[in-house]
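None of the values given here were measured: they were computed from a predicted structure. Proteins get letters first, then strands, A, B, ... in listed order; numbering begins at 1 in each.
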Amino acid sequence: MVDEARIRSQFPILDQEVHGHPLVYLDSAATAQKPVSVIDAVRDFYLRDNAGVHRGAHELAARSTVAFEEARAKVAALVGAESHEGGEEIVVTAGATAALNLLATAFGNASLGRGGGAAQRFALKPGDEIVTSKAEHHSVLLPFQELAYRTGATLKAFDLDDQGRILAETADQVITERTRVVAITHVSNVTGAITDIDPIVRRAHQVGALVVLDVCQSVPHLPIDLHAMDVDFAAWSAHKMYGPTGVGFLYGRRGLLEALPPASFGGSMVELAYMDKPAQYMDPPARFEAGTQPVAQLIGAGVAADWLRAIGMDRIAAHEATITRGLLRLGQVEGVRILGPTTPENRIGTVSFDVKGVHPHDVGQFIDSRGIAIRVGHHCAQPVHRHFGLFASNRASTGIYNTVAETDALLEAVAEVRHFFKVD
Amino acid sequence: MADFGMSDQELEQMYQEVILEAARDPHGRVPEDRPGSPAPHDGVTMKVEHGYCVPAESQQFNPTCGDHATIHVEVSDGTDGRPKAIRRIVWQGDGCSISQASLSVMVDLVQGRSVEEAMHLAEEFHSLMESRGAGIQNEDAEEELGDAVVFQGVSKYPMRIKCALLGWEGMKASVAQALTDMDKEKEQA
């Protein structure tokens, strides 16, 4: 088991009072808090090594470049991706949203004929299909919806069951011979449900479609092996896995990254540039990393990845499962409905709920007065809320530092909400 | 650091009884026309009732929390010899208790008032919401705002000011639209 006290001592931010109550942070699905080792790594980098990477011949530039590539390798190791020189499968981006936009834009560029013959495997045309789901975060839905509009492809979506789970068993019907891309979430940021991706990946590959997996909500909580999962692309951010903001990742199978045309153009992604003929672009990952990179942030993310591996993702998942069970007791509170699976199997500790008769904004304000941080709103996933007949909800989400006692505090506060707003 | 949240006591200050009550049964609200919605009580609908007035609507939306309202006004065109006035104001929508209560109080304040008076009240309410909890320090203005002064507590919280302003913004936008349409009709006549 995880040593709770030892973990919490690494997060000084948790040791404070908010509105006269001990802070209870249950908003890790929005962003996780950072352990001291991550904060120190960012600080130490700026204090000692700061320089641009992959350019310049001075000592600091060399140190920064080595640290940057080491950090990339640490992140790769966390998700079972390759990182040896010339075989890198992790592209550094400004975040998960940037990674998904990069990919959709690159597919669009391929559809315009850019990237030569090799890139035609990404090209879309009218009649082709892009498949997603009703459970997607807007950062998956919108880039691929735009791609459909730009290319004339049709956007289709997996439906959800009454607990909000993606109906993976319908893969053989939803994914057809016309499907070229399947962009789908591994874990919903609203329902916390883990998608049964095996039938989806199997069917997609059977028809020659590419699978893009949003792993933002799974990487911080579950053991992830992207090779074993057999997906083609994946995207996630560092700040939800206890790393800094401003950096995220696009995973791609090496062969696919090599064929993918660039989506963002500028310095450090080009080998030869001319005034009168097309540039010759670098190999991945540099081809997709135009401009000055978030060096300190990536180094922090590398420390976070190592920190997670040192604790062990299995142990983290087991610890958080106990917290999830604590949160699921919300379903027994009068007037509370859980939006998502009501039992702990195949879900993580992201638990969204509705309090009958009280708007989430009001619930959040009340809960905040008890020093408890939860998220309210649509969580950048409006279609899944519509599925439940709502526009917004309340969401409590776990991190490795949460305790069962904190879920007790939340339950106690939620149980008072309807009385306070006089709707009981 | 600034403290943008609230203690239990401050919470009570923000959610005053007037707000909670108004939010439960807000004035001027027309039930949404969708399956399962209760029938409009007193037969109130979004249909235009005053033939001599110029109707206009404005849709307001707060994407962070989903508060939304369509504000319908009917503005008299002055041909009755009296100043242009809001003869009717109703709205459809849903949202948090602050937005709902503010819409309700706004309707009570501007219904029947001249456009000039309504805009003046909107300005005063805006000042109140910009006061960061301090209030407007003007007894006349406070008296004019009546029940709307209970939103003083909300003005401390940047995340909630938008909720309180939603209805007022919609009132201003729809009245402005009605006045524009009025001018157009005059030009055409």
Are more than 12 heavy atoms, taken from residues, nucleotides or ligands other than [X], located less than 6.0 Å from that residue's [atom1] atom?
X: A:R386; atom1: CZ; value: yes
X: B:E17; atom1: CD; value: yes
X: B:E143; atom1: CD; value: no
X: A:Y149; atom1: OH; value: no

Nearest 0.5 angstrom please: [X] [atom1] to [Y] [atom2], how far?
X: A:F420; Y: B:Y15; atom1: CZ; atom2: OH; answer: 7.0 Å
X: B:M14; Y: A:D362; atom1: CE; atom2: CG; answer: 7.0 Å
X: A:H361; Y: B:K162; atom1: NE2; atom2: NZ; answer: 10.0 Å

TODO: Please determine, among B:G95, B:C96, B:S97, the option with the most heavy-atom pairs under 4.5 Å with chain A.
DONE: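 Of the options given, most contacts go to B:C96.
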
TODO: Could you check which of B:R24, B:Q100, B:E21 has the highest count of heavy-atom pairs closer than 4.5 Å to chain A?
DONE: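 Heavy-atom pair counts peak at B:R24.
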
Atom pairs and distances, donor-acceptor, side-chain atoms in residues 390-399 of chain A, under 3.5 Å, two or more places apart:
| unit_1 | atom_1 | unit_2 | atom_2 | d |
| --- | --- | --- | --- | --- |
| A:S393 | OG | A:H379 | NE2 | 2.9 |
| A:S393 | OG | A:H385 | NE2 | 2.8 |
| A:N394 | ND2 | A:F353 | O | 2.9 |
| A:R395 | NH1 | A:N189 | O | 2.8 |
| A:S397 | OG | A:S28 | N | 3.1 |
| A:S397 | OG | A:A29 | N | 2.8 |
| A:T398 | OG1 | A:E320 | OE1 | 2.9 |

TODO: Enumerate by number any residue of residues 406-416 of chain A whose heavy atoms lie under 4.5 Å from heavy atoms of chain B; in the absence of such residues, state 'none'.
DONE: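 Counting heavy atoms that sit under 4.5 Å from chain B, no residue of residues 406-416 of chain A is involved.
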
TODO: Indicate yes or no: at least one non-hydrogen side-chain atom of A:Q365 is less than 4.5 angstrom from one of B:I98.
DONE: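 A:Q365 vs B:I98: side chains apart.
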
TODO: Would you please test A:H19 and B:L11 for side chain to side chain contact (heavy atoms under 4.5 Å, CB included) and show each step?
DONE: CA-CA 10 Å; A:H19 315 315; B:L11 192 76; over 6 Å; no

